[in-house]
Amino acid sequence: CSSKFVLSHVHPMWQGPLAVPGGDRQSPIDIVVRKSVFDSQLRPLVTDYDPETCQQIWNNGYSFLVEYDDTTDKSTLKGGPLQDKFRLCQFHFHWGESNAWGSEHTVDKRLFPAELHLVHWNSEKYSLFEEAVMEDNGLAVIGVFLKVGKRNEGLQKLVDALPAIRHKDSVIEFTKFDPACLLPVNTDDYWTYHGSLTTPPLTESVTWIVMKQHIEVSHDQLAVFRSLLFTSAEEEVQKSMVNNFRVQQPLRGRTVRSSFT
Ligand SMILES: NS(=O)(=O)c1ccco1
Ligand SMILES: [Zn+2]
């Protein structure tokens, strides 16, 4: 997928109150559990990912992205809060320099060491990711919290590829990876709200689906994430890729719905 254009500039200086369209549905947010509203209309998520559509993994100078061929409806997401079918474009993570923080969303202010984002776009209404990214029902992003614990066998293939993309703009072929292996056992319990991308262009086009159940990864696997660099091979000073998360944004009266009581 062409998520390249998305991260125009890398420096996290954009974290500030960048002038974004409207600016009243920005992400990430703190999910206040007791203020979320149970909605019985929310259905189970239906993911149908084809590992054959996995194409490459690259360091975009802010995170690492695993990109999928999204020219056909082969890896899709539907159900949940969604009315349409969405195509998987890429997945990536956000993490901290320590296990004490790193996630973008929080639950009752609780931080997790990292957060996985699976980025999909509405292929029923739009023909390209670039188009969908500008529309208010254009994108659906699944957020999964990571906790430090058991080694995650599904993640290891990805971890083993990271040293080859240590520097910004490095890319290698990466195939036959099924992102379903990174989803928690229970995908029926989630929170959902209308928000934005958490990196430029920060457009307010995202239906967020944040899983209640986390996945576990080992301390050593997370340490490999931190061995990546923000900087390209040419740059003199190398900066380790850590704390690549956006600060929490005002809720602005939005309601977070839950699929569970
Ligand atoms: N972090 S995220 O999933 O909101 C995203 C995807 C593309 C740009 O920002
Ligand atoms: Zn993200």
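Bear in mind that the values here come from a model prediction, so they are computed numbers and not experimental data. In each ligand, atom 1 is the first atom listed, and ligand 1 is the first ligand listed.
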Enquirer: Is there a path of hydrophobic side-chain contacts, each under 4.5 Å between heavy atoms of I, L, V, M, F, W or Y residues, that connects Val256 with Val33?
Expert: yes

Enquirer: I need the atoms of ligand 1 closer than 4.0 Å to a non-hydrogen atom of Val119, numbered in the order shown.
Expert: 3 (O), 6 (C)

Enquirer: Would you say Arg246 touches ligand 1, if touching means a heavy atom closer than 4.0 Å?
Expert: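 Under 4.0 Å: no for Arg246.
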
Enquirer: Can you check whether His94 has an N/O within less than 3.5 Å of an N/O in ligand 1?
Expert: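 Looking only at distances, the answer is yes, because the N/O contact criterion of under 3.5 Å is met.
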
Enquirer: Thinking salt bridges, do Asp84 and Lys78 make one under a 4.0 Å N-O criterion?
Expert: no

Enquirer: What do you reckon, does Trp208 put a non-hydrogen atom under 4.0 Å from ligand 1?
Expert: yes

Enquirer: Does an N or O anywhere in Thr198 fall below 3.5 Å from an N or O of ligand 1?
Expert: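 Min N/O separation from ligand 1 is below 3.5 Å for Thr198.
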
Enquirer: Indicate, as side chain, backbone, both or neither, the part of Leu197 found under 4.0 angstrom from ligand 1 when only non-hydrogen atoms are considered.
Expert: both

Enquirer: Below 30° counts as parallel, above 60° as perpendicular, anything between as tilted: where do the rings of His92 and His94 land?
Expert: perpendicular

Enquirer: Walk me through it: do Arg252 and Asp24 pass the test salt bridge (Lys or Arg N to Asp or Glu O under 4.0 Å)?
Expert: CA-CA 6 Å; Arg252 289 271 189 280; Asp24 57 358; over 6 Å; no

Enquirer: Quick one: the NE2 of His92, the Zn ion (ligand 2), ND1 of His117 angle, rounded to 10°, please.
Expert: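 With the Zn ion (ligand 2) as the vertex, the angle is close to 110°.
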
Enquirer: Under 30°, 30 to 60°, or over 60°: which ring-plane class applies to Tyr193 and Trp208, parallel, tilted or perpendicular?
Expert: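 Answer is parallel, since the angle falls under 30°.
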
Enquirer: Anything under 30° is parallel, anything over 60° is perpendicular, the rest tilted; go ahead and classify Tyr62 against Phe230.
Expert: parallel

